Amino acid sequence: MAYFRSEAQKANFVQLEEEILNGWDIEKTFEQSIARREGCEKFVFVEGPPTANGLPHPGHILTRVVKDLVLRYKTMRGFYVERKAGWDTHGLPVEIEVEKELGTNSKHEIEEYGIEKFNQKCKESVFRYEKEWVNATKRVGFWIDMDSPYITSDSGYIESVWWSLKEIWRRGLLYKGHKVVPYCPRCETTLSSHEVAQGYENVEDPSIYVKFRLKQEQESVFMLAWTTTPWTLFGNIALAVHPEHTYVKAKVKVKPEGGEEEILILAEARLDILEDEYEIIERLRGKELEGKEYEQLFDVPVEGKSHTVINADFVTLEEGTGVVHIAPAFGEDDYEVCRAKGLGFSQPVDSKGLFTSEVPFPSLEDVFVKDADKHIIELLEQRGVLYKESTYLHSYPFCWRCGSPLLYYARESWFIGMKSLRDKLLANNEKINWYPEHLKYGRFGNFLENIADWALSRERFWGTPLNIWICEECGAECCVGSIEELKERAKSSSSLQESDANSDLDLHRPYIDEVVFRCDECGGEMRRVKDVIDCWYDSGAAPFAQWHYPYENEEFKRNFPANFITEAIDQTRGWFYSLLAVSTAIFDAPPYLNVLSLGHILDEKGVKMSKSKGNVVDITSIFNNEGADALRWYFFTACPPWEDIRFSESAIAERQKKFLNTLWNSYFFFVTYATIDEFNPKEKSIAIEKRSAMDRWIMSRLNSLMKEVIGSLERFEIHLAARRIEEFVVNDLSNWYIRRSRRRFWIAEESIDKDCAYLTLYEVLVALCKLLAPFVPFITEHIYQNIVRSIFGELESVHFCDYPSPDESLIDTELEDSMELISKLVEAGRRARSNAGIKIRQPLKEVVVVCSKGKKEKVSSLAGILKDELNVREVKFEDVKPKSVTMENYKQVEVDEATTLFLDISLDKRLIEEGLVRDIVRRIQGMRKDLDLDYTEKIWIVYEGDEEVKEAINRFSDYICEETLAGGIEEGKTSGSVEGKQIYGKKWKIGKKEVYLAIKPFQIRKH
RNA sequence: GGGCUCGUAGCUUAGUCUGGUUGGAGCGCUCGGCUGAUAACCGAGAGGUCCGGAGUUCAAAUCUCCGCGAGCCCA
């Protein structure tokens, strides 16, 4: 009886994977794999929620397989690893997709279309590709619970987010201010940085040097400033100089027409921009200029203090004059520095990018700012404050949708005061392990050091509504933290809509906008701030909001902080930050303890794969051609997980050929012979120490491998673990152990040695299967089902097993070293043969190894291997080269400094005869294969040849028959058929001899 | 413009932290061999400005600085 199912020599991985997926589905293997670990120590994972309004990209697949690897590994290591899927549903990216569909171009048009209908569209759009996501997730083998995911637009989720915002508000960390944002005046919307990055173009802008006259000076003294955006001069509030740089007062020799001699102040390092002759009359530090007042350029109303020289570290000397024109309405740094210095603000531009009536020139009113540059330059000239004018080539952002130049523009915004939490952020970051490590104090740490307040609000539609109500009468603020509180406070709860799916309230706009409160202070009406919040806050709240904390809090407490999260590097300032920011603000604790940052996927040419570049490889074709295991294995072995990875279908196919095929071949070899011999691992038990050196060697290698793999995985050095396994499979197992041990499996009779070989190979395959299960879950499951579950039924899946742990007592480093030396000697011997032009099939008399006594002792027990591999009758080890070893008869090859190998290349009649016999055997084997005979099928052989051939065959007929499974070999002319059975004959040329060989299958088969 | 990371053969990469034999593999290429794991394997060969330059050192792919190129993040 055969204990294993026979396999095809050539694996069909795709079909195999589909069968496994089906099996997992039926047996609920995923669910069971978690349930079986209930009560064990938890390993907490948080899924970074993707947005399903586009197709999954290879990069998404990469993060999914890395997550899967780690979670499967931890489960096998005995942890209880729950995995809740999540969907990110809010935000501008979603709105833009819908806008494209509707053809709308501005907020105004959306409002006309109707916020209710628009948000409904967004809600639908966000799950448009859910099916594709679910399919790809399952197909690649990512085990995650997609039946009860967290969804950021669910009322429960929003309620938790509201709770957290109220916590922040109560601590006085949620405030209203201005933020300078990239803004499209035509679409009347702010753009995310991602969108801005898409639209940079090189353009020529005016480059002008403007003179600002200092007050309270005897002579005409001007600060000389440089700008490429003349229109922002109407918003000028200050001039900034660097406190430490050296500035000069330069007396310009040429008098302007009708004017007096002028003195210009600029950085000494920028003096070469002056076109006229000058004389330096004074040098001073930037510090000394601070506080000087200057005359306003144009008469624009300003609230607060203004028009003084200030100090700022961001001033550089690489371009301009070292004096920077500051307009807080139009620049981020400008805004920040003015805020910090308590300066005023002026905004002479409306939300469409047109000058308002605050500009003291009727001709400019309602003119688009970018169109006004020329006119403004003329005005400056008329006033005599334009020093110099030219043009400047630089990159400037344009709206990727409509092509309008973007304006950096101050908008009213709600902020979370992250700056005040800076030290806590840094302290919590200390508790996090970053992989790779450099991110901790590098990109991420630097970012935290310079953290700015979080601009939380968005003047948009589809998002978590900002839960702040303001009294129209007295300005009192109120922040709502739960649905209960909302209902209580609402004047008329009839305006709250029931959503159709469940009876939860729909907390989105426009319904929530209708909810009006009565002010506790003055009895007036309180209305909600119209904004929604940044969707990054939504996902940053995932650790608690996915459990609806604090309204149902048991799960959260058990799942905080996370042990592990991973996403691509671009999330450093995205999700990795938003998680830490929210968690620090609310719990003052790190939300995750280990974070693995992944590289990006590049195409074959090393260019980042992106939709806009059109170089995205279609994942489904890989699933259908190479399969998920091949894809996974490629991702794991190609490079360290944190580096960018080049990706192409051919690279995956290559990896598959190398590794998966070899693994399959090893497994196929075992199953094939185990079936022939009816080997049953359950019935055999032989202690390792009783097995051969080869067996003990592979077991030692296996246990060393386990140690290294576990070590690497604990450090997320996935590539090292995977590459080590690949080396083991290809070099140690397939190319050495199995190749060397083949003959032990072929022996027909029962023998202890054969049992040892079977048991060893079986044990290695089973352990390897478990070791590989987190990496390539399909093929390992397939192998496990056939060779383990069918025999030892207790664990139904390889993914229920414990991860193999090394048995130190089986690691024999001395044996491993000896084998390595043997392998070196084999290589050297082959080199010698190759040099001498003698093929390996030709037996030779002896090989002499000259080496130290120590080496001899180490390897002499393994000399048989060397004898076989080199096809020599005898192997000798000597301390010094014997006299009999001469240059004429021996080929000499250096192995290492202290070891030399001499191969006897002299041939006698007997050796030549043996060589001939082996050639004949080889030809017959080839013919068996031509007929596609079963490995166990017996044959008859008939031959024809000269006397020498006859003699050789006669002498070695037993050997020939044994090797070729022949019942007999006889001389004779053959043609046509013998005993009615078709005969297969062929004329061969062996060396200079012609030999005719014919074979005929036996009637009776062994099976 | 700033920060971080990366740059080794036609391609994918090891080695870089901790300086020290002749920079090591795999794929591909050329030649030879082997053949019951066979779309596998073994041997030999061609192929390197270790991105460029400078410095430190007895000694630099490795350490330092300055460039160049790529990727990401931020302006």
Side-chain angles (χ1 to χ4, degrees), chain A residues 9-10 180 182 193-194 196-197 200 314 316 318-319 331-333 394-395 397 408 436-439 441-447 449-450 452 568-574 577 597 599-602 604-608 634 637-640 642-646 648 650-651 653-655 657-659 661-673 719-720 723 726-727 730-731 733-736 738-739 742-743 745-746 826-835 837-842 869 871 896-897 918 921-929 932-937 963-965:
Chain A
Q9 187 154 43
K10 171 97 183 77
V180 175
S193 56
H194 168 76
V196 177
Y200 275 94
F314 59 76
T316 66
E318 270 138 41
E319 50 188 11
E332 176 109 58
D333 284 340
H394 65 154
S395 70
Y408 283 87
E437 223 182 307
H438 63 78
L439 290 171
Y441 300 112
R443 186 184 284 204
F444 195 70
N446 287 340
F447 174 63
E449 295 275 357
N450 303 303
I569 176 98
D570 53 291
Q571 296 300 332
T572 316
R573 295 180 188 196
Y577 171 65
S597 158
H600 282 123
I601 305 255
L602 313 178
E604 281 169 296
K605 292 172 199 121
V607 180
K608 195 199 169 188
Y634 178 73
T637 51
C639 63
W642 44 83
E643 269 175 30
D644 288 350
I645 179 170
R646 285 205 197 194
S648 67
S650 59
E654 191 191 294
R655 213 77 213 183
K657 214 166 80 180
K658 177 93 183 163
F659 175 67
N661 274 352
T662 308
L663 178 66
W664 181 265
N665 287 344
S666 305
Y667 159 69
F668 171 77
F669 177 87
F670 170 78
V671 170
T672 304
Y673 289 99
H719 62 301
L720 295 183
R723 286 172 183 176
E726 183 167 307
E727 275 169 33
V730 173
N731 297 337
L733 179 62
S734 170
N735 219 356
W736 193 245
I738 294 182
R739 189 165 63 77
R742 269 191 300 219
R743 294 193 159 263
F745 296 90
W746 292 344
V826 168
E827 272 171 39
R830 281 205 275 254
R831 217 155 47 227
R833 272 185 174 271
S834 190
N835 291 345
I838 301 171
K839 53 190 173 188
I840 292 167
R841 208 181 294 131
Q842 174 61 59
E869 283 288 317
N871 194 17
D896 55 48
E897 314 82 64
R918 288 190 58 155
V921 167
R922 153 79 198 106
R923 300 307 198 275
I924 295 168
Q925 302 288 33
M927 289 166 74
R928 287 185 62 107
K929 218 178 122 199
D932 204 19
L933 295 187
D934 205 85
Y935 295 154
T936 52
E937 187 142 6
E963 286 295 307
T964 62
L965 281 185

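A quick note: this is a predicted structure, and the numbers were derived from the prediction, not measured. Reminder, nothing fancy here: chain letters follow the sequence lines and each chain counts from 1.
By the side chain to side chain contact (heavy atoms under 4.5 Å, CB included) test, A/T964 pairs with A/V921, A/I924, A/Q925, A/I939, A/I941, A/I960, A/A966, sequence neighbours left out. Under the salt bridge (charged side-chain N to carboxylate O under 4.0 Å, His left out) criterion, A/R923 pairs with A/D919, not counting sequence neighbours. Partners of A/R831 by salt bridge (charged side-chain N to carboxylate O under 4.0 Å, His left out), not counting sequence neighbours: none found. Residues meeting the side chain to side chain contact (heavy atoms under 4.5 Å, CB included) test with A/N446, sequence neighbours left out: none. Partners of A/Y667 by ring pair (Phe, Tyr, Trp, His ring centres under 6.0 Å), not counting sequence neighbours, listed by chain and number: A/W664. Residues passing the salt bridge (charged side-chain N to carboxylate O under 4.0 Å, His left out) test with A/R918: none are found, sequence neighbours excluded. Listed by chain and residue number, A/W434 satisfy the ring pair (Phe, Tyr, Trp, His ring centres under 6.0 Å) test with A/F444 (two or more places apart in sequence, or in another chain). Partners of A/E654 under the salt bridge (charged side-chain N to carboxylate O under 4.0 Å, His left out) rule, at least two apart in sequence or in another chain, do not exist in this structure. In terms of the ring pair (Phe, Tyr, Trp, His ring centres under 6.0 Å) criterion, residue partners of A/F669 (sequence neighbours excluded) are, by chain and number, A/Y673, A/F745.
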Restricting both atoms to N or O, compile the protein contacts to nucleotides 22-24 of chain B shorter than 3.5 Å, with distance only.
none

When you compare the protein's N or O atoms with those of nucleotides 4-8 of chain B, which come within less than 3.5 Å of each other, and at what distance?
{"from": "B/rC4", "atom 1": "O2", "to": "A/R443", "atom 2": "NH2", "distance (Å)": "3.1"}

* **Reading 5' to 3' through nucleotides 27-32 of chain B, protein heavy-atom contacts under 4.0 Å coded B for base, S for sugar-phosphate only, - for none** => S-----
